[in-house]
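A quick write-up on the structure given underneath.
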Amino acid sequence: MAIEPARLEMLSALSRKALWLSSWTIHHANHIRPNTDGLKVGGHQASSASLATIMSALYFSVLRPEDRVAVKPHASPVFHAIQYLFGRQSREKLENFRGFKGAQSYPSRTKDTDDVDFSTGSVGLGVAQTLFASLVQDYVKAHGWMKDHREGRMIALVGDAEMDEGNIFEALAEGWKHGLRNTWWVVDYNRQSLDAVVREGLWEKFETMFRNFGWDVVIVKYGKLMDQAFAEPGGEALRRWIDNCPNALYAALCFQGGAAFRKHLHDEIGDQGEVTALVDRRSDDELLALMSNLGGHDMASMLEAFEKIDHDRPVCFIAYTIKGVGLPFQGHKDNHAGLMTVAQMEKWRAQQGIRPGHEWDKFEGLSQDEAALQAFLDNVPFNRAGARRLEAPTIDVLRQLEFKPAAQMSTQQGFGLILNEIARGDSELAARIVTTSPDVTVSTNLGAWVNRRGLFAKAENHDLFRQEKIPSTYNWDFSPKGQHLELGIAEMNLFTLLSALGLSHSINGERLLPVGTLYDPFIERALDALNYACYQDARFMVAATPAGLTLAPEGGAHQSIKTPLIGMGQDGLASFEPAFVDELATIMRWGFEHMQGAYGEGGSVYLRLSTRSIDQVPRIMTPDLQRDITDGAYWLRKPGPNAEVIVAYTGAVAPEAIEATGFIGESRRDVGLLAITSVDRLHSGWTGARSLRRDRRGVQHLSHIEKLLAPLPRDCGIVTVIDGHPAALGWLGSVRGHRVEALGVEHFGQTGTIADLYRAYGIDANAIIDAAESLTSGAPVLHRKMAV
Ligand SMILES: Cc1ncc(C[n+]2csc(CCOP(=O)(O)OP(=O)(O)O)c2C)c(N)n1
Ligand SMILES: [Mg+2]
């Protein structure tokens with residue numbers, strides 16, 4: 001397939017320009033904008049050069065507006081440069097690259113203003129995100145929501161060393177199970193990582209693996225100059241030499257230049273005949289140009305490779321490149337943090353024909369007509385009219401989420417009951433919820449929902465046990481209308497999928513309300529993917545259950561300790577740990593609205609739930625109580641005016657807190673019991689109010705926790721108790737200067753009964769009573785809980 005020469009010339013010119021602008025951006029950040037921190041821009045210059053041609057081929061020719069791209073973190077300057085050429089990035093932000101509010105070091109959906117599709121930064125995550133985004137697109141399409149919106153290709157530009165990240169392999173397996181389509185991964189095969197040269201032969205293994213998973217693998221090894229040389233007499237020997245040259249040597253020769261290549265070629269394949277003549281027909285510069293004309297740096301080769309794809313199966317392109325190509329440190333193994341010196345830049349500037357003071361001029365130094373270049377850019381298919389970042393209307397959430405009440409319940413059970421009630425109805429909410437779980441669907445109580453709503457698959461597949469009339473509690477039917485995406489165990493995939501589902505409104509223009517479940521301790525396994533999902537502002541709800549010591553006989557391997565701190569610390573995630581199911585129903589209702597930005601900017605929701613069945617509080621849910629629950633706390637027993645001590649608890653330890661409060665109340669005055677449903681919301685409400693008061697002096701805004709604690713006398717003590725790290729609640733004393741005894745779990749748990757463990761780890765009723773005594777004066781508390 002021949003590429004029209006005029007078009008090729010335009011694209012090559014624009015690619016050179018993108019490389020120049022990206023390099024100048026980096027140079028500017030290091031040498032021109034004063035940087036008092038002395039922090040140099042490492043990692044970007046060589047990595048960006050490596051991808052400049054490939055990205056130019058994509059953005060200036062191959063991509064369509066509906067395609068979505070995850071750009072390798074260190075190629076951010078090329079991305080910004082291309083957007084600048086499109087007119088979507090400002091010179092000011094480029095000049096301020098890596099500066100405050102400037103173009104971001106790593107492409108960011110939320111912080112950059114130039115149309116980043118997927119954030120990247122933590123290597124591996126953006127790659128997997130494209131795969132799951134494609135599955136989500138299929139889900140939306142299968143549910144009949146794509147309408148006239150065209151299917152996009154989900155494309156990742158991948159560093160070769162990035163492939164060491166395990167989450168990519170976890171995603172590959174999942175993609176295969178779900179019949180992945182429309183996904184391209186373009187590997188920048190420069191055979192260099194950050195520290196080193198990539199291990200010889202590794203990529204042959206990857207190639208086989210991709211093919212095994214049903215991917216098309218396209219290797220773009222040689223550029224057109226190479227192809228032409230191979231066709232010359234002696235060319236075959238040259239090709240063999242290139243093929244057999246070890247990665248490290250090839251990189252080193254690229255760094256050393258044409259003369260070094262010549263010497264090696266003469267020594268190793270020189271024949272005083274055709275091969276020698278082929279080499280010697282070229283000057284040193286021409287020889288270097290030939291030897292660095294790998295496929296990934298050849299516009300025609302890349303276009304050909306991309307345009308040849310005529311199917312929607314996933315494709316892995318392996319494009320041979322040289323890290324830092326065209327720059328003085330090309331190929332050098334230390335080039336990751338390599339920067340051009342001022343002198344090197346001056347020399348390069350002259351070669352590019354860029355006049356001082358005209359570095360940012362879009363077409364400076366290009367020989368093509370400016371109007372023609374601009375017209376070409378205006379007509380690039382990627383730039384076709386219409387917004388790329390889409391919007392979707394909000395989904396009405398039912399006024400109240402119902403559940404079948406029982407005298408005793410666990411929050412996990414309640415979660416299943418609430419979803420079951422939603423599933424029974426035919427609300428828009430029910431239609432837009434999509435659930436997913438990494439092999440813990442049944443054990444996290446999603447079974448009833450799945451029974452009613454079915455599993456998602458592109459093709460119908462009936463539950464064999466049912467067909468064979470073998471009794472089973474669960475109906476495991478797959479269909480294109482199903483609303484549960486079953487995942488393998490890998491928790492990284494859960495959060496990456498939630499990230500993709502939770503961006504559907506923006507990417508597909510169709511809102512989904514994703515709900516994921518997993519065991520609470522395994523959040524830690526996938527923490528980076530959770531962080532990534534939140535960083536790019538995906539909207540989802542995750543129910544983590546069971547949690548804490550409370551899952552007693554399961555033992556220390558499954559008992560989460562620090563997850564409440566994760567919930568507090570994770571930006572973009574509102575975390576809750578209710579004790580009672582009516583609280584949970586209130587929180588989930590709020591959560592579905594919060595995910596859609598009903599209360600300010602919105603965000604995702606984390607529910608830390610328990611399997612412990614506890615006595616429910618019979619009560620009428622009033623709007624005031626609902627508001628208190630979603631703000632984070634309410635008085636289960638209001639303290640009197642002379643309170644000597646209060647107990648503040650969160651989650652499954654409610655019965656212990658209630659019981660202890662009763663005992664303490666026999667010997668201490670006006671004891672209160674504070675039910676905390678969200679320590680995260682309480683804390684952020686408090687810090688938020690403080691900064692509001694600081695920023696706007698005179699504003700008297702008080703946070704929820706400040707109001708709740710306001711009536712307490714100054715010397716009242718606070719006992720906090722949580723089945724998790726005590727630091728999560730320990731800060732309560734700072735709100736109004738009360739003394740605190742913070743009870744919680746700090747060490748790996750044992751197996752045992754809940755009573756055994758609560759006693760051993762000091763979060764039972766007697767531990768609360770002891771803590772209350774230590775905070776108050778007076779005679780010992782009269783009664784204690786008897787050992788059972
Ligand atoms: C999870 C994670 N670990 C480490 C890093 C630091 N880091 C950034 S790029 C990189 C490797 C770069 O190699 P490659 O992917 O081949 O890209 P190239 O620099 O060759 O373009 C590393 C280790 C990171 N960004 N994310
Ligand atoms: Mg590399």
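When a ligand or atom number is given, it counts from 1 through the structure's own listing order. Below, all heavy atoms of this structure are taken into account, side chains as well, without hydrogens, waters or symmetry copies.
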(request) Using a strict 4.0 Å threshold on nitrogen-to-oxygen distance, state whether R191 and D160 make a salt bridge. (result) no
(request) May I ask you to check whether K323 has an N/O atom sitting below 3.5 Å from an N/O atom of ligand 1? (result) yes
(message) Salt bridge check, D298 against K224: does any charged N sit closer than 4.0 Å to a carboxylate O?
(response) no
(message) So, regarding D528 and ligand 1 (criterion: nitrogen or oxygen to nitrogen or oxygen, under 3.5 Å), is there a contact or not?
(response) no
(message) Closer than 4.0 Å to some heavy atom of A161 - which atoms of ligand 1 meet that?
(response) 13 (O), 14 (P), 15 (O), 16 (O)
(message) With respect to H74, determine whether any N or O atom, backbone or side chain, lies less than 3.5 Å from an N or O atom of ligand 1.
(response) no
(message) Tell me whether S437 contacts the main-chain N or O of G516 through its side chain, where contact means a donor paired with an acceptor under 3.5 Å.
(response) no
(message) Taking atom CD1 as the centre, does I489 end up with more than 12 heavy-atom neighbours from other residues, nucleotides or ligands that are less than 6.0 angstrom away?
(response) no
(message) Taking the basic N atoms (NZ, or NE/NH1/NH2) and the acidic carboxylate oxygens, is any pair closer than 4.0 Å for R389 and D117?
(response) no
(request) Establish, for the pair R91 and Y84, whether the NZ or CZ atom is under 6.0 angstrom from the six-membered ring centre and no further than 45 degrees off its axis. (result) no
(message) Check this for me, if you would: do K17 and E364 make a salt bridge, where the nitrogen-to-carboxylate-oxygen distance has to be below 4.0 angstrom?
(response) no
(message) For D114, is there an ion pair with R88 - N to carboxylate O distance below 4.0 angstrom?
(response) no
(message) Applying a heavy-atom cut-off of 4.0 Å, say which part of N190 lies close to ligand 1: side chain, backbone, both or neither.
(response) side chain
(message) Suppose the cut-off is 2.8 Å; which protein N/O/S atoms would you list for the Mg ion (ligand 2)?
(response) D160 OD1, N190 OD1, Q192 O
(request) Enumerate the atoms of ligand 1 whose separation from the nearest heavy atom of E162 is less than 4.0 angstrom. (result) 15 (O)
